[in-house]
Amino acid sequence: MNYIYTECSDENLLALIGGQQDEQAFEALYNRYFKVLFNFAYSKVNDRFPAQEIVQEVFVSLWQQRDGQQIECCRSFLFTIIKRKIISFYRKEYTRQHHYDQWGTEQHVVSDPADQVTLTADLQSRYEQGLDLLSPKCQEVFVMSRQGFSNKQIGVELAISEKTVEQHITKALRILRAHLKEHLISAVLLFPFL
């Protein structure tokens with residue numbers, strides 16, 4: 001790094017960054033404040049990785065806003081930004097934890113065996129009702145496809161082309177998806193890892 005930058009005041013460095021988009025001035029400011037800001041962030045979040053991410057965000061924000069504002073005191077400006085980033089970090093953490101807790105509660109509710117049996121029976125009933133909405137040929141093709149027959153095997157067995165088999169399967173899936181739409185959430189909660 002150039003000796004000139006180490007002798008510059010913070011405000012002069014900011015002026016160089018804003019006016020001339022001087023990357024060396026930015027690097028000098030970064031080197032001057034990184035450790036102080038990192039220690040401050042670390043003292044608030046007690047985790048090295050988030051603390052480092054927060055400090056990086058501060059400097060990215062500073063670089064992105066280099067043209068738009070006059071800064072009177074660099075140190076207080078940087079600490080104001082980092083405080084905001086720490087607050088934002090805690091808000092995101094709170095929201096993430098809240099959603100995680102909600103998900104855990106929903107998983108717990110659905111993991112009750114009696115509820116699973118009821119939901120499975122309801123889904124099976126809706127699935128069978130959906131199959132009844134299909135034409136006999138479409139239903140036969142779809143059921144065979146779910147029993148492991150290939151499209152070619154189904155075509156040979158039913159004396160229809162593979163393209164017709166694909167059309168029947170596509171139509172069946174569209175009808176069943178529409179019929180089971182309201183129960184998809186239950187299915188996801190019942191079988192989250194399938």
Item to complete: Classify the ring geometry between F26 and F59 as parallel (under 30°), tilted (30 to 60°) or perpendicular (over 60°).
Response: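 F26 vs F59 ring planes: perpendicular.
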
Looking at every non-hydrogen atom in both residues, tell me the closest pair between [X] and [Y] and how far apart they are.
X    : Y    : result
I169 : S145 : CD1-CB, 3.6 Å
L131 : L176 : N-CD2, 3.7 Å
F89  : P50  : CE1-CB, 3.6 Å

Discussion item. Between E23 and Y30, do the side chains contain a donor N or O and an acceptor N or O under 3.5 Å apart?
Written reply: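 The criterion, which ignores hydrogens and geometry beyond distance, is not satisfied for E23 and Y30.
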
Worksheet, complete the sentence: Residues at least two apart in sequence or cross-chain that pass side chain to side chain contact (heavy atoms under 4.5 Å, CB included) with I86, listed by chain then number, are F40, A41, K44, V45, I54, I82, Y90

Worksheet item: Does L13 have any side chain to side chain contact (heavy atoms under 4.5 Å, CB included) partners at least two apart in sequence or in another chain, and if so, which?
Response: Y5, C8, A25, A28, L29, R32

Discussion item. Set out, in order, the CA-CA distance, both residues' side-chain angles and the distance that settles side chain to side chain contact (heavy atoms under 4.5 Å, CB included) for Q52 and F34, then state yes or no.
Written reply: CA-CA 9 Å; Q52 188 170 355; F34 179 82; 4.2 Å; yes

Show which side-chain atoms of residues 152-168 pair as donor or acceptor with protein atoms under 3.5 Å away, not counting sequence neighbours.
from	atom 1	to	atom 2	distance (Å)
Q153	OE1	S150	N	2.8
Q153	OE1	S150	OG	3.4
S161	OG	T164	N	3.1
S161	OG	T164	OG1	2.8

Worksheet item: Taking only residues two or more places apart in sequence, or in another chain, which ones meet Q147 in a side chain to side chain donor-acceptor pair (under 3.5 Å)?
Response: none

Discussion item. Once side chain to side chain donor-acceptor pair (under 3.5 Å) is applied, do any residues pair with E140, and if so which ones, sequence neighbours excluded?
Written reply: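 Here no residue qualifies.
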
Discussion item. One pair to check against side chain to side chain contact (heavy atoms under 4.5 Å, CB included): F38 and R48. What are the steps and the verdict?
Written reply: CA-CA 8 Å; F38 173 79; R48 296 181 72 77; 4.1 Å; yes

Discussion item. Once rounded to the nearest 0.5 Å, what's the spacing between atom OG of S61 and atom CZ of F77?
Written reply: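 With rounding to 0.5 Å, OG (S61) is 6.5 Å from CZ (F77).
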
Worksheet item: Do F79 and L37 have side-chain heavy atoms sitting under 4.5 Å apart?
Response: yes

Discussion item. Applying a strict under-4.5 Å side-chain criterion to I, L, V, M, F, W and Y, I'd like to know whether I87 and V58 cluster together.
Written reply: no

Worksheet entry | Pairs where residues 75-100 contributes a residue and the test salt bridge (Lys or Arg N to Asp or Glu O under 4.0 Å) is met, not counting sequence neighbours |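 Found E93-R96.
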
